[in-house]
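Quick notes on the structure that follows.
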Amino acid sequence: MGLLARLRKEWFIIGIVLVILSAKLQPSVGVKGGPLRPEITVAYVAVSLIFFNSGLSLKTEELTSALLHVRLHLFVQSFTLVFFPLAVWTLLRVLELTTIDQWLLRGLQTVSCMPPPVSSAVILTKAVGGNEAAAIFNSAFGSFLGIVVTPVLLLLFLGSSSSVPFSSIFSQLFMTVVVPLVLGQVCRRFLRELLERRKPPLGAVSSCVLLMIIYTTFCDTFSNPSMELDPSSLLLLVLIIFSIQISFMLLTFAFSTRSGSGFSPADTVAIMFCSTHKSLTLGIPMLKIVFEGYEHLSLISVPLLIYHPAQILLGSVLVPSIRGWMTSRHKAVKLSALQPV
């Protein structure tokens, strides 16, 4: 494979590196209130575009089928909102014996209580060729569920309570997830033949939108004053976060591929991403609401600021490997089907 062909194939990974470097050099461009206005362009326009794109590309029968995949939904929601917080709580009992700042550890617990994101898990599932419809449903449903469950979990594990404006968060989710998805499905009914004939690069469009989300996320990370911490504490925190993500991805992979699980390879991809990813878009506003007035709010927010870009980076790096695994599984199924009985 020539260099140019290789660059074209790996353009997304190259794009990630470039946007991170750009964010490091000039973080003020993509922060809240900056020239890009991510509080509008990302929180509303980018997320809405992702789900409109998904609604446009998804066959209605696939989305309907995903709604009925109850076992998959129960697995994802139970893992991310029950097992995840309990496992991290257990891990923190050990980490409290270390020299890591205790507020950073509390921030790690808040990460575990967050719902799945409404963008990255869907795009990465689609990039691999997994069950995109199931990823969309679980991301949207998990976000709505998190509006109620996340404050309860924070109260349970951290003892923090506050009145959460459910109506405003619910309305934002409805406008940026449900409405664009429905509009995409409506447009598909009129454009189905054109879409199937022309095959527009909808996946590439979603990937470009994700690059924008990565850029603004790292702008926030690099411009946040609380990132000026002891380098050893930050390094340990990053290693812990990556270890958690890798361990949980392997765990969900093992459970969903075991004999008799009933999940297809495409289901496994959706499970891996939706069960282990956490929402920054909902998480930061939720933390500001629940921990309003806390002088250590910035320290509590650091783990989520690290976790979000880390999950996108790790997921993006693993895309070729997971896609290769899916391809080999499909080939194995086809070969077994051709074998004489």
Side-chain angles (χ1 to χ4, degrees), residues 11-51 53 103-104 107-108 110-111 114-124 127 139 143 169 172-173 176 204-231 233-235 237-239 241-242 245 277-289 291 296-317 319:
W11 72 270
F12 185 63
I13 300 295
I14 297 171
I16 290 176
V17 175
L18 291 177
V19 296
I20 292 175
L21 289 175
S22 300
K24 177 64 176 176
L25 293 173
Q26 196 61 260
S28 61
V29 175
V31 297
K32 184 177 180 180
L36 283 184
R37 299 289 178 184
E39 64 273 19
I40 298 174
T41 56
V42 171
Y44 291 95
V45 179
V47 174
S48 298
L49 181 58
I50 286 169
F51 281 92
N53 194 4
W103 289 103
L104 290 178
L108 198 57
T110 66
V111 171
M114 294 300 160
V118 293
S119 54
S120 61
V122 174
I123 294 177
L124 289 169
S139 294
S143 296
I169 300 176
Q172 180 179 346
L173 281 172
T176 59
V205 172
S206 293
S207 296
C208 290
V209 174
L210 183 55
L211 286 178
M212 179 182 176
I213 294 174
I214 295 172
Y215 173 70
T216 55
T217 299
F218 273 94
C219 283
D220 280 332
T221 302
F222 292 136
S223 64
N224 194 292
S226 59
M227 294 304 291
E228 298 298 327
L229 295 168
D230 176 55
S233 293
L234 275 179
L235 179 60
L237 186 63
V238 170
L239 291 175
I241 285 173
F242 271 106
Q245 291 182 9
H277 281 210
K278 294 293 183 176
S279 175
L280 179 72
T281 307
L282 287 175
I284 292 299
M286 194 78 76
L287 288 182
K288 289 181 179 177
I289 292 166
F291 292 99
H296 298 289
L297 174 59
S298 59
L299 283 176
I300 293 175
S301 303
V302 168
L304 185 56
L305 289 172
I306 296 174
Y307 193 97
H308 183 76
Q311 72 189 8
I312 296 174
L313 282 174
L314 180 62
S316 302
V317 169
V319 161

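- The side chain to side chain donor-acceptor pair (under 3.5 Å) pairs that include a residue from residues 40-51 number zero, where partners must be two or more places apart or lie in different chains.
- Between S120 and H277 the shortest side-chain heavy-atom distance falls below 4.5 Å.
- Residue pairs satisfying the salt bridge (Lys or Arg N to Asp or Glu O under 4.0 Å) criterion with at least one member in residues 305-315, sequence neighbours excluded, are absent.
- Pairing each heavy atom of V19 with each of Y215, the nearest pair is O-CD1, 3.3 Å.
- In this structure, the side-chain hydrogen bond (donor to acceptor under 3.5 Å, both in side chains) partners of Q26, at least two apart in sequence or on a different chain, are S28.
- Here the straight-line distance linking atom CG of L36 with atom OG1 of T216 works out to 8.0 Å at 0.5 Å rounding.
- Distance check: W11 CH2 to C208 SG gives 4.0 Å after rounding to the nearest 0.5 Å.
- Atom CG of L124 sits about 8.5 Å away from atom CD of Q311, to the nearest 0.5 Å.
- Nearest heavy atom pair, residue S139 against residue V122, reads OG-CG2, 3.6 Å.
- Heavy atoms only, all atoms of each residue included: I241 and P303 are closest at CD1-O, 3.6 Å.
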- Verify side chain to side chain contact (heavy atoms under 4.5 Å, CB included) between L234 and V302, making sure each step is shown before the conclusion. CA-CA 9 Å; L234 275 179; V302 168; 4.2 Å; yes
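- Taking 4.5 Å as the limit, every side-chain heavy atom of F242 sits out of range of all side-chain heavy atoms of I306.
- A side-chain donor-acceptor contact under 3.5 Å links K278 to the backbone of M114.
- Under the 3.5 Å distance criterion, the side-chain polar atoms of Q245 are matched with a main-chain donor or acceptor of Y307.
- Between atom CG of residue L211 and atom OG of residue S22 there is a gap of 10.5 Å, rounded to the nearest 0.5 Å.
- Interatomic distance, CG of L25 versus CD1 of I20, reported as 12.0 Å (0.5 Å rounding).
- In this structure, the separation between NZ on K32 and OG on S223 is 12.0 Å, given to the nearest 0.5 Å.
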